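The figures here come from the full heavy-atom set of this structure, side chains too, leaving out hydrogens, waters and symmetry mates. Worth saying up front: this structure is predicted, and the values here are computed from it rather than measured.
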Amino acid sequence: MPAAPASRRSRLWIVFFVALAVMVLFAMLVPIVYNLSIQLRPEQVAEAQQRWLDNTPANYDLEYLVRTMNGDQEEESTYLVQVRGGQVVLAVCNRDLVYVDPSLALIAGLSALALSSENPRQFGVPALFDEIEARLHEDESAGRRNFATAQFDPKDGHPFHYVRRVAGTKERVEWNVKLTLRAVGVLPRAE
């Protein structure tokens, strides 16, 4: 069998390297396109916030874990927030009571009343939306393109997962949020 001409063999190598370059370019572009497609946009936050305003439950418990990395240090904080009648009545951070509604504090005693000086607006779902919006605004005004993504509940709009990573640093914040609806004043049926 005669050997392929030298010019044909050299063209095969060119085709091979062009195909290899195309595959490398494709492998580099796919993650970039994917990350840009999941980037959080202000209109997504506004849409979720509107769903929340339209479907805000009166009574719910909010549990969330905030994992913060700054350099090589990682910190975790767990929160429990109870909302009754649309108002924050209790907030706990890492098992420490940080806010109790003044009407409940009177029942619990004077030591609990001292905790009521915290602003209840810094807890609950509206506070989560405020934090997300503040970080988006901070990134926009600084002209940075930090990575931020969030997932919102399709029914009521509350955020259930949020991640923000500051470009060029090891600073990263992640929230995992669980909202549980509560019926208040309803006694379970005896069976």
- Query: Where do Asp101 and Val88 come nearest, in terms of heavy atoms and distance?
  - Reply: OD1-O, 4.1 Å

- Item | Shortest non-hydrogen separation from Asn94 to Glu76 and the atoms involved |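 That would be OD1-O, 4.0 Å.
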
Is [Y] reachable from [X] through a run of hydrophobic residues whose side-chain heavy atoms are each under 4.5 Å from the next?
{"X": "Val125", "Y": "Val98", "value": "yes"}
{"X": "Leu53", "Y": "Leu181", "value": "no"}
{"X": "Val66", "Y": "Val81", "value": "yes"}
{"X": "Phe160", "Y": "Trp52", "value": "no"}

Rounded to the nearest 0.5 Å, what separates atom [atom1] in [X] from atom [atom2] in [Y]?
{"X": "Arg182", "Y": "Tyr60", "atom1": "CZ", "atom2": "OH", "answer": "13.0 Å"}
{"X": "Asn146", "Y": "Leu136", "atom1": "CG", "atom2": "CG", "answer": "10.0 Å"}
{"X": "Thr149", "Y": "His161", "atom1": "OG1", "atom2": "NE2", "answer": "8.0 Å"}
{"X": "Asp139", "Y": "Leu40", "atom1": "CG", "atom2": "CG", "answer": "10.0 Å"}
{"X": "Met69", "Y": "Glu171", "atom1": "CE", "atom2": "CD", "answer": "11.0 Å"}

- Please test Arg172 against Val163 for side-chain contact (heavy atoms from CB on, under 4.5 Å), starting from the C-alpha separation and ending with a verdict. CA-CA 7 Å; Arg172 183 179 189 275; Val163 176; 3.7 Å; yes

- Are Arg51 and Asp156 ion-paired here, with the side-chain N under 4.0 Å from a carboxylate O? no

- Query: Taking 4.0 angstrom as the limit, do Asp61 and Arg84 come out as a salt bridge?
  - Reply: yes

- Item | N/O donor-acceptor pair under 3.5 Å between Glu174 side chain and Arg164 backbone |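 No, the answer is negative, given that no donor and acceptor are paired below the 3.5 Å cut-off.
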
- Apply side-chain contact (heavy atoms from CB on, under 4.5 Å) to Tyr162 and Ile132, showing your working. CA-CA 8 Å; Tyr162 171 74; Ile132 292 170; 3.8 Å; yes

- Query: Are the ring centres of Trp175 and Phe152 closer than 6.0 Å?
  - Reply: no

- Query: Does a side-chain heavy-atom distance below 4.5 Å link Leu62 with Val83?
  - Reply: no

- Message: With a 6.0 Å cut-off (strictly less than), is the heavy-atom count around CD of Glu140, excluding the residue itself, greater than 12?
- Response: no

